Structure formats: structure tokens, C-alpha cells
Amino acid sequence: MDPDFSPTHRLLTAIKVAEQATQNAKNAAVRAAGMTVAQYNVMILLDETPGITSAELARRCFVTPQAMNETVVKLEKAGWVERAPHPTHRHVRETRITQTGREILGSADNEVLTLERTLRTHLSEADQSHLRALLATVTDITQNHRKGA
């Protein structure tokens with residue numbers, strides 16, 4: 001085996017380890033508030049774009065419409081979101097956060113932001129910017145690789 005590509009030197013391994021560590025920490029943070037990461041991700045998007053449809057939520061969360069529908073139904077049953085018919089498109093339903101949902105989201109987001117602040121205190125602004133740029137490059141390269149570019 002080429003020592004440059006041993007498992008401990010592979011970029012894909014390092015990225016995966018970092019991703020697992022950050023997601024495990026994020027999972028623990030939102031669980032403390034009574035949510036799953038999937039629910040948190042949906043609620044954050046709903047907070048940014050009130051009235052978004054389940055189909056658009058699915059696209060933005062990289063899940064199937066069926067999986068998103070299941071998540072939204074659970075959020076609706078919990079009283080964290082509500083759905084209503086779109087004012088002009090009768091087959092489209094808009095989804096919005098309820099006051100209860102906003103309170104739960106606030107608690108979960110405070111936990112996530114604590115984690116975010118911890119990361120930022122250990123990385124300079126230049127390092128943060130560089131990391132974002134590197135991760136964007138990795139994303140672009142891997143997406144283009146899948147397309148055969």
C-alpha cells in the first residue's frame with residue numbers, strides 16, 4: 001500500500017472523522033432540548049423561510065419528500081409546526097413554526113450555538129474562512145466527480 005494513501009493519511013477519512021465528531025456533538029446538543037438533528041434542521045429552515053413547502057424542505061435537507069413528510073407530520077403532532085393551504089395554490093401546503101416550536105427551537109439552537117462558539121474560539125477568523133473555502137472546494141470536487149467531470 002502506498003504510504004501516502006494509508007488510512008490515517010486519507011483526506012476522506014479525516015473529513016469523515018471531523019463530520020462524525022461535529023454531528024455527534026450537534027446531536028447531543030439538540031437532544032438536550034428534546035429534538036433530533038433532522039427536526040432541528042427542518043425547524044431552522046422554517047425559521048428562516050416561514051411558509052416553505054415540504055417539497056422545498058426536502059430539497060434543502062437532502063432527503064426524499066416522503067422522509068420530509070414523515071418529519072413534518074411528527075413536528076405537527078408535537079405542536080411545533082402547523083400547515084395551512086397556500087393562499088394561491090390549492091394543492092400546496094405551507095409550513096410554519098408555532099410559538100411552542102419557536103421556544104423548543106430556541107433552546108436547541110442555544111445549545112448548537114454554544115458548540116459553534118466553542119469551535120470558533122479555537123480557530124482564528126482567517127482559519128474559519130480558510131476552512132469554509134476548503135470545504136466548499138471539497139464539495140465542488142466531489143459533486144463534479146460524481147457527474148463524471
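Keep in mind it's a predicted model, so treat the numbers as computed, not measured.
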(request) Name all residues meeting the salt bridge (Lys or Arg N to Asp or Glu O under 4.0 Å) criterion together with Arg120; count only those two or more places apart in sequence or in a different chain, and write none if there are none. (result)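 If we apply the salt bridge (Lys or Arg N to Asp or Glu O under 4.0 Å) test to Arg120, skipping adjacent residues, the hits are Glu116.
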(message) Apply the hydrophobic cluster definition, ILVMFWY joined by side-chain contacts under 4.5 Å directly or through others, and give me every member besides Leu135.
(response)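 Its cluster mates, by chain and number, are Leu123, Leu131.
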(request) Would you mind listing the cluster partners of Phe5? Hydrophobic ones only (ILVMFWY), side-chain contacts under 4.5 Å, chaining allowed. (result) none
(request) Report whether Val63 and Val42 are members of the same hydrophobic cluster (ILVMFWY, side-chain heavy atoms less than 4.5 Å apart, transitive linking). (result)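 As far as the 4.5 Å side-chain criterion goes, Val42 and Val63 are connected within one cluster.
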(request) State plainly whether one hydrophobic cluster holds both Leu115 and Ile104, where clusters connect Ile, Leu, Val, Met, Phe, Trp and Tyr through side-chain heavy atoms under 4.5 angstrom apart. (result)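 No, Leu115 and Ile104 fall in different hydrophobic clusters.
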Who are the side chain to side chain contact (heavy atoms under 4.5 Å, CB included) partners of [X], not counting sequence neighbours?
X	result
Ile44	Tyr40, Glu48, Leu105, Asp109
Thr22	none
Thr53	Ala55, Glu56, Val92
Phe62	none

Within this structure, what is the [atom1]-[atom2] distance for the pair [X] and [Y], rounded to the nearest 0.5 Å?
X	Y	atom1	atom2	result
Gln128	His122	CD	NE2	12.0 Å
Met68	Arg59	CE	CZ	10.5 Å
Met35	Trp80	CE	CH2	5.0 Å
Leu12	Thr142	CG	OG1	8.5 Å
Asn41	Arg60	CG	CZ	13.0 Å
Arg132	Thr139	CZ	OG1	13.5 Å

Between [X] (side chain only) and [Y] (backbone N and O only), is there a donor and an acceptor less than 3.5 Å apart?
X	Y	answer
Thr121	Thr118	yes
Thr95	Gly51	no
Thr98	Gly79	yes
Thr71	Ala67	yes
Asn110	Gly106	yes

Applying side chain to side chain donor-acceptor pair (under 3.5 Å), name anything that partners [X], two or more places apart in sequence or on another chain.
X	answer
Glu70	none
Glu94	Arg96
Asp127	Ser124
Asp47	Arg102

Less than 4.5 Å apart, side chain to side chain, heavy atoms only: is that true for [X] and [Y]?
X	Y	answer
Val30	Val112	yes
Met43	Val81	yes
Val73	Asn69	yes

(request) State whether the number of non-hydrogen atoms from other residues, nucleotides or ligands found under 6.0 Å of Lys26 atom NZ is greater than 12. (result) yes
(request) Look at atom CD of Gln20 and say whether more than 12 heavy atoms of other residues, nucleotides or ligands are closer to it than 6.0 Å. (result) yes
(request) Kindly state each residue pair satisfying salt bridge (charged side-chain N to carboxylate O under 4.0 Å, His left out) with at least one member in residues 1-22, sequence neighbours excluded. (result)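 Applying salt bridge (charged side-chain N to carboxylate O under 4.0 Å, His left out) to every pair that reaches into residues 1-22, excluding sequence neighbours, yields Lys16-Glu19.
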(request) Heavy atoms only: give me the nearest Ser54-Arg83 pair and the separation to one decimal. (result) OG-NH1, 4.0 Å
